[in-house]
Amino acid sequence: MSTSSETKPLRPAQETGLLSWLGTTDHKRIGVMYFFTTLVFFALGGAESGLLRAQLAQAEQNLLTEEIYNQVFTMHGITMVFLVIMPLSAAFFNYLIPLMIGARDVAFPRLNAFSYWVYLFGGIFLYSSFLLGGAPNGSWVGYAPLASDSVSNMGFYAIGLQILGISSLAAAVNFIVTILNMRAPGMTFMRMPVFVWMALVTNFLLLFAIPVIAVALFMLQFDTLFGAQFFQPGSGGDPILYQHLFWLFGHPEVYIMILPAMGIVSEILPVASKKPLFGYAAVVFAGAAIGFIGFGVWAHHMFTSAIGPVARSAFALSTMFIAVPTGIKIFNWVFTMWGGKLKFTTPMLFSIGFVSMFTIGGLSGVTHAIVPHNAQQHDTYYVVAHFHYVLFGGALFGLIAGIYFWFPKVTGKMMSEKLGKLHFWTWLLGFNLTFGPMHMSGLLGQPRRTAVLPGELGSTVELYNLLSTAGVVVLTGSALVFLYNLLHSIKRGEESGLDPWDARTLEWLTASPPKHHNFDKIPTVTHRDEFWHRKYAEDESGMPISVPAGASEDHDGEDDPDEHIHMPDNSLWPFIMCIAFLPFGYGLVFLNPWLFGLGVLWMVVGYFGWIVEPLAEGDDDDVPDDVHDRPTVGATTH
Amino acid sequence: MAADVQATTLGLDHRKLAMWTFLGSEFLFFGAFVSAYLLYITTTAGGPGVEIFDIPFTSISSFVLLMSSLTMVLAHNAHAHGDLRRMRLWILATAGQGAVFLGGQVYEFTTFYNEGLNMTQSPFASSFFVLTGFHGLHVFVGILMLLSLYALSLTGKVKANQDVKTEMIGLYWHFVDIIWVVIFTVVYLIPEIAVL
Amino acid sequence: MEDTEADASQGHHPTPREYVNIAIMLAILTALEVSTYFVDFGRIAIPLLIILMTIKFIMVASFFMHLKFDSKLFGRMLYGGLILALGLYAVTLIILFFERAPSA
Amino acid sequence: MRDRTVSRQTSPRRSRSSVLLLGLAVLLAACGDAQQNALDPAGPYAQGPHDLIIPVAIIALVVFILVQGLIIYSVVKFRTRADDDGSLPKQVHGNTRLEIVWTVIPALILAGIAVPTVQGIFEQMNEPDDEFMVVEVIGHRWWFEFYYPDHDIYTANEMIIPVDTPVRLEMTAADPARSPNQGVIHSFWIPRLAGKQDLVPGQTTFLNMQADEPGRYIGQCAEYCGLSHANMRARVVAMTDGDFQTWVDEQTTPADVPEEGTLEADGRELYHDLGDRMACASCHQVWEDGARNPNTGPDLTHLMSREEFAGAIHDLDEENLRQWLRDPNSMKAMQYEVNGLGMPNLDLTEDEIDALVAYLLALG
Ligand code: HEA
Ligand code: HEA
Ligand code: CUA
Ligand SMILES: [Cu+2]
């Protein structure tokens, strides 16, 4: 921290304690906050899924009424998608992007804090609905006109997701600028780690997809709360418009959830195979292609809706086509392992699990695109099986692999490998036990989003459902193992040293945990997998040779090495401003102009506090007066 | 920003890059509203339709908004030359024109309302009001930003060499103007002609 | 991937006079647009309006927003978003208008 | 616990090919009835998609085995062995030829799948080639109504069709009081006869169906439609032509008016007038003469010709009917009091219920 000791009251300078967290602008701390918040929401979402499974364990059960069940499955979906997988990816983006590209922070540190607080308050807002008259109950897709029905509680959904959308949009802009504009000297695009590439693609997807759902939700909100007629068939409104808008967002959204995990796996597999990623360029381009094509397949969620045969055909084709770039990635990952020397560390196990389980989900995805038969599969547990295989077996496996992999980076300690392996195997077993049988129960006719498993279906699918429910028990136990391992290792884990995995990318170049300013000297990059190349060189035939230590070519990060490294100060304004989202949201949901006004006013005050406060004390916001306010030079000339 | 002192990779200012990035996504936002409007253009549920528009009136307010882009760019130009005094003048002029435009919109909305077009009337009405309303909200936010820029330059928080700040707000302002160029044609003129 | 392209072109900004000229042209174009309401242009009215709109759009973006003089990346961001939006919503509208479930 | 015993009429039959192909060992445990089973088609409109998915499933299975095989092979072959010397393996960066192979081959496979898929889409959606019958389907929260335009018949929950005849369903959604303004999307799905198709308020969608054998085919609403979506089931009963004609004749005769002085006649009275409570007739119709007009609730003219009621979740018998009139919400979550949907609790006395049930039971 660069600042002098005298600080203004609203500017916490402590490095520990609550205030230091509320006011932090350090991308690493923000990443850590994201991470722990998603854990809490994951426990909530998991508990909800436990309730669902308990109700469906046997036919004709009445543990939950229809009313409760509908709220629970809706909140389960919303929680897992918007409060767990997306922000968990954001946790990785936050922590890793600056480190991986050799930067000291993200482009807009306070905006970054803002994103986190919006997310937190958005999540609190959504969950408070349970106490305020009932949680949303119109499913995570919120189809109109059901969702605009007065008894649907979907006001919370419409407003809550918009709040979360603000968080994602701000983060997307921030990360895009960071990646494009803050790479260390020499870090060209084709030298960027794949994770950073996938982060870039993901954030572009967010950038372009979030506005679409924002509009869908605005319309829904106006219909629900203010009597507008967007989706009201009585006056000629078209419910199908909502479906298009939702899925225009919704499909890119599923790639938003999977691409970060793909990036993570692309980092771990090479490290644990002791080989570079097979086909780096292909993997990168395939990722970009997935992102791009991902915008053109949305109507495959509407194959049984009111769209005609030409549209159905066109979207069937585009949907199938997306299997090609995905396949490229799968095969490149497998061939990364091929010919390597694999070390089955926990992150590696989860990465292999990812490749294997995701393939299953992907293949069932392709069978969905067989439109005539989609009419049988749609809205059955077969679809539920598909998306849990890609989301849980894919995204979540990948993200967990990342947790194990970068835990030593964040804490300087190792997580227990023994418990990690126990976690992996029980997780794999529990996962397949839970979701494998759903393929069958779905094809045998069990529809999703049904509060009661009808007795007449019971005899054919009851066993499968029982197995699924048993799977959750295994998963819960497994999650507890993980949680114990995590918390225990934070306190008592073995020292990890600087480079526990023999890693390849820049983040391992610096201390673990990294200092506030990440790098004492900004590294100069000369290779893809820069860190590895500082340890080894390759001879002509591709055989590696060790390089003597200390042969680094870093340039001086600062013109004057004695000067303090210039880092932004803490700021409470993002936090203060974001509290306003609570009165703002309640004001809208309950149509209370006072609350709403309070929220807006609060936000404006927060906004002014924010812009008036300089980024760092004494720094007066910008460069000294005599320098023209433009970036002076490109990085290469540095 | 942390990296202002550090050179940037592309040699571009973070804030400008961020603004452009954001503006790119705004098309997706307005595009969805415009699509809904086009879909519902004849879905009036027996209420008033596009014939209710008062083209001469809207032309004038559109013209005002268009010209505010000129004053905006002049404000930036003044700032770029370090002339804060003139910059403030042009900023006020821009905000003023924005306010005129908003006033026109308020007037328009009330007239339409009195003539029987309200948001709960029909999908057409909903999509018209929400589309133009959201544009109005953007103008409003723009005015707020202009005013805060004005205030900050008075208190010395915005300095003569910091014309990126004016430029950024300017980008946003021009963008909102561009969107209105599209709305004016697609929402007002073309339907009106097609109906007449 | 021209990674480290520093934009040399920064700084060639038009003068206030040029800005005013552009504004005058914009005003003329607008007048032409509005005239379609008063004068019957027949079949060409709508294509004409779309062309005028596009010209105005590009003029504001290129000159007032300095796209013409600034980094190409900015233009790509803007027009990339625009093209994506046009494409997606065009398809959506085509489906909504013409590709309903059969006959209806 | 609700009581929902449903008679099962179709024979347990399962399509062995699909079972094998979807190949999970657990599968074998599932040898039960195959009533709502997409793997057991009972008519051409279910058979087509089924015949399409089988080869695709085979391809998927092959890809699955290939990928998992490669993974397992790599894991076993390239694991670091105990006697490893710690040296690094050869640093291979990629292989263009391989990249081309795994781009082109999947693309070709998918192109191969795409052709029959597109054909299938049009087959599924076009009008049937043969002469067909039309039934209109209206989705209400939370029951299906069927209208036979050729015969002017209204019925609910159970759709009766003749075998071997294509039926084209013209579907929409509306409720309550048929105001399309308040309808929500439903989806009509009888897996053994056809895939599902959504019912959208304010629009018409179509679905072809045909049963090869007489039987009772079960299905349900497959688009989440709120509170009682789970309790919105449907039946299609396929009959021989003769039986179907008998059914039509029965349905097109007006309901009998019970003789004066009987309990049934009292029931009829109450049906039309419940004092200051809403009369049954304000929501239901029992057609005695004149025009047949649909109403908010299911048509009750020939109520007892159906086997199940209340969204086909309960057997239609005296006991259930009594409970239904006593407290409909206890048999099916509807919450009329909150949202005006479904059937209200009319605070009927036991005497009133006796009379009403007698009347209903007489509606043969
Ligand atoms: C992480 C999220 C994620 C991912 C990555 C995917 C990936 C895919 N999804 Fe999935 N999907 C969801 C999340 C996801 N999906 C969710 C949440 C839903 C339900 C939403 C709801 O209704 O609530 C859904 C629903 C859904 C549907 C609608 C089903 C229905 O409701 O009727 C369809 C239909 O086409 C579909 C298709 C696909 C396809 C083709 C892919 C492809 O990208 C998969 C590609 C991968 C592979 C194919 C495997 C690897 C490839 C090879 C080994 C090459 C060789 C392969 C071949 C030659 C086939 N998905
Ligand atoms: C990433 C997304 C994700 C994940 C991880 C999951 C995880 C799980 N889901 Fe999920 N699910 C969805 C996304 C996800 N789901 C979506 C989008 C829907 C659609 C909703 C809709 O239709 O609208 C859905 C719907 C859905 C249904 C269908 C409901 C219906 O249609 O009626 C079911 C039913 O079984 C189900 C079950 C489960 C189960 C058992 C898990 C389990 O795997 C969960 C395992 C987790 C735990 C058991 C938690 C363990 C943790 C603890 C016990 C405490 C430890 C504490 C800390 C870590 C702090 N889900
Ligand atoms: Cu009707 Cu679900
Ligand atoms: Cu999708």
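Taking chain D as the reference chain and counting heavy-atom pairs below 4.5 Å, the highest number among A:Ala369, A:Gly327, A:Gly138, A:Ser139 is found for A:Gly138. Your options are A:Gly442, A:Gly340, A:Ser273, A:Ala282, and the one with the most heavy-atom pairs under 4.5 Å with chain D is A:Gly340. For the set A:Val310, A:Asn332, A:Ile330, the count of heavy-atom pairs under 4.5 angstrom toward chain D peaks at A:Asn332. Listed options A:Tyr143, A:Trp333, A:Tyr280, A:Phe231 were ranked by heavy-atom pairs under 4.5 angstrom with chain D; first place goes to A:Tyr143. Heavy-atom pairs under 4.5 Å with chain D peak, among A:Val141, A:Thr65, A:Ile240, A:Val366, at A:Ile240. In terms of non-hydrogen atom pairs under 4.5 Å with chain D, the most contact-rich of A:Ser305, A:Ser364, A:Ala451 is A:Ser305. Chain A forms the most heavy-atom pairs under 4.5 Å with one residue out of D:Val338, D:Leu207, D:Ile185, D:Leu199, and that residue is D:Ile185.
Screening residues 52-75 of chain D for side-chain hydrogen bond (donor to acceptor under 3.5 Å, both in side chains), with sequence neighbours left out, gives A:Ser356-D:Gln68. Among residue pairs with one or both ends in residues 218-228 of chain D, those qualifying as side-chain hydrogen bond (donor to acceptor under 3.5 Å, both in side chains) are A:Asn70-D:Tyr224, D:Gln36-D:Gln220, D:Gln220-D:Arg233, D:Ser228-D:Asn231; sequence neighbours excluded.
For residues 311-319 of chain A, a heavy-atom distance under 4.5 Å to chain D picks out A:Arg312, A:Ser313, A:Ala316, A:Leu317, given by residue number.
Ion pairing between A:Lys341 and D:Asp84 holds under the 4.0 Å rule for side-chain N and carboxylate O.
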For residues 102-112 of chain D, run the donor-acceptor check on the side chains, cut-off 3.5 Å, and write out each pair with its distance to 0.1 Å, sequence neighbours left out.
unit_1   : atom_1 : unit_2  : atom_2 : d
D:Trp102 : NE1    : D:Glu99 : OE1    : 3.0
D:Thr103 : OG1    : D:Glu99 : O      : 2.6

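Closest heavy-atom contact between D:Ile53 and A:Gln377: CD1-NE2, 3.7 Å.
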